[in-house]
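Everything below concerns the one structure shown next.
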Amino acid sequence: MSGKFRSLATAALFAGVTYAALGGAASAQPARQPDLLPGAYVHYSIRCADASNSSLQWWNGQFFSAGRMNNLFPVFAAPGKFTARTTSFEDGKPITFQIRVLDKRTFEYDSAQFRYRYCPDSALPAMWRNSTPKPVVRAPVRQPLSQANPARQAERRVPGFPVSMQGTWSNKGTCRGDDLDAEVTLGKNSLTLYDMRGTLAELLATGSQYDARLRMRGEGTWYEAKYRITLLRDGQMLTLWNTAEPLSQQMSFFRSAMTCKQVRALR
């Protein structure tokens, strides 16, 4: 299976990251958007009640979304046909999707093998209900919480993550009563997130903000990733943002030894 469709087949592991989009590129004019019902779409071979990470896609009237796949903003090509250009989540290579809308409840990527049909929220497993991402508007990139104006500070190249950042950090998903738990582990020259491990290629520091370029490996594939990592709250909180994908959400992590009560006090 190609990297292009491996992204589709392994969709939604990172759904919590891509769904809460911060802002970004404008989509096609509304009159030329896919005429699809907004909501969840499940691969045609899977029952709505059995929808899972690998079979779900979302359409919110502006872009298609799934985990391990950058949001797809369709561009009108012909009646019922659209193209969407993006880069591979795994290796950063450019990808073009051909999207065909069959009716208001059905679409496919490139061929009938990747056909999806609409499933109402009530028919989905409870964990996937009310998960359709909200449309985004063009917005400025959020400034790091730690610096009012980091551009005024000198940027410097550093040999590795400082000791204050090294170790395992947790996003404490269960402290929010949700199902998304994640950990990120930083070594002096490495970053591990979920099942992906990266080796540091370059690290630029501006105050307590670090822009890292890493050589990542996951699912047997090598690719380049760029993260902005910021140390906050006197070293007790760390934020991680995938700068290669402006629509991704900034994630917050806390020292793994902290209790939920301590985490709530920092938020």
Side-chain angles (χ1 to χ4, degrees), residues 1-22 24-25 27 33-34 36-75 82-102 105-121 123-136 178-180 182 193-196 218-219 221 223 225 242 244-249 251:
M1 182 181 292
S2 69
K4 175 177 179 178
F5 292 114
R6 188 161 54 248
S7 294
L8 294 175
T10 59
L13 177 59
F14 291 92
V17 176
T18 56
Y19 291 167
L22 300 177
S27 60
Q33 289 286 64
L36 291 165
L37 293 176
Y41 286 76
V42 178
H43 193 268
Y44 76 97
S45 66
I46 306 295
R47 296 191 316 148
C48 295
D50 295 329
S52 65
N53 291 353
S54 62
S55 60
L56 273 162
Q57 295 277 319
W58 273 267
W59 166 249
N60 68 352
Q62 188 183 43
F63 59 81
F64 294 94
S65 181
R68 290 210 173 187
M69 184 180 83
N70 295 329
N71 295 335
L72 297 179
F73 289 84
V75 176
F82 303 82
T83 60
R85 293 179 174 84
T86 185
T87 56
S88 169
F89 186 90
E90 297 174 344
D91 57 19
K93 293 180 179 179
I95 301 173
T96 298
F97 285 91
Q98 304 297 329
I99 302 167
R100 189 160 71 102
V101 176
L102 304 181
R105 294 171 175 263
T106 316
F107 75 91
E108 62 187 30
Y109 292 118
D110 292 346
S111 72
Q113 182 182 358
F114 297 98
R115 181 174 294 176
Y116 292 81
R117 74 186 185 295
Y118 175 79
C119 286
D121 258 13
L124 297 172
M127 69 179 294
W128 296 116
R129 294 172 189 170
N130 301 311
S131 295
T132 303
K134 296 184 182 303
V136 299
D178 61 28
D179 297 313
L180 180 64
L193 178 66
Y194 298 100
D195 60 346
M196 302 177 297
E219 297 186 343
T221 302
Y223 61 98
N242 179 1
E245 174 47 47
L247 293 178
S248 66
Q249 184 183 23
M251 300 178 69

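All values below were derived from every heavy atom in this structure, side-chain atoms included, with hydrogens, water molecules and symmetry-related copies excluded.
Nearest heavy-atom pair across Ala49 and Pro125 is O-CG, 3.3 Å. Between Ala84 and Ile99, the shortest heavy-atom contact is CB-CD1, 4.0 Å. Scanning both residues, Thr106 and Tyr41, for their nearest heavy atoms gives N-CE2, 4.2 Å. Nearest approach of Ser131 to Met127, heavy atoms of both residues: OG-O, 4.1 Å. The shortest heavy-atom contact between Trp59 and Leu37 is CD1-O, 3.7 Å.
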Apply side-chain contact (heavy atoms from CB on, under 4.5 Å) to Phe114 and Glu108, showing your working. CA-CA 5 Å; Phe114 297 98; Glu108 62 187 30; 5.7 Å; no
After noting the C-alpha distance and the side-chain angles of Leu72 and Phe97, does the key distance pass the side-chain contact (heavy atoms from CB on, under 4.5 Å) rule? CA-CA 9 Å; Leu72 297 179; Phe97 285 91; 3.8 Å; yes
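Residues Phe107 and Phe64 bring their aromatic ring centres within 6.0 Å.
With sequence neighbours excluded, no residue forms a salt bridge (Lys or Arg N to Asp or Glu O under 4.0 Å) with Arg129. Qualifying salt bridge (Lys or Arg N to Asp or Glu O under 4.0 Å) partners for Asp50, counting only residues two or more places apart in sequence or in other chains: Arg47. For Pro120, the side chain to side chain contact (heavy atoms under 4.5 Å, CB included) criterion is met by Tyr118, Ser122, Ala123, not counting sequence neighbours. The side chain to side chain contact (heavy atoms under 4.5 Å, CB included) search around Val42 returns Ile46, Ala51, Ser55, Leu56, Arg117, Cys119, Leu124, not counting sequence neighbours. In this structure Thr83 satisfies the side-chain hydrogen bond (donor to acceptor under 3.5 Å, both in side chains) test with no other residue, sequence neighbours excluded.
Contacts classified as salt bridge (charged side-chain N to carboxylate O under 4.0 Å, His left out) and involving residues 54-66 (residues at least two apart or in different chains) are not found.
Residues Val101 and Pro34 meet the side-chain proximity criterion, which asks for heavy atoms closer than 4.5 Å.
From Gln62, atom CD reaches atom CD of Gln33 across 7.0 Å, with rounding to the nearest 0.5 Å. One finds the CD atom of Gln98 at 11.5 Å from the OG atom of Ser111 (value rounded to the nearest 0.5 Å). The CH2 atom of Trp128 lies 14.5 Å from the SG atom of Cys48; values are rounded to the nearest 0.5 Å.
The main-chain N or O of Ala40 is never found under 3.5 Å from a side-chain atom of Gln57 such that the two would form a donor-acceptor pair.
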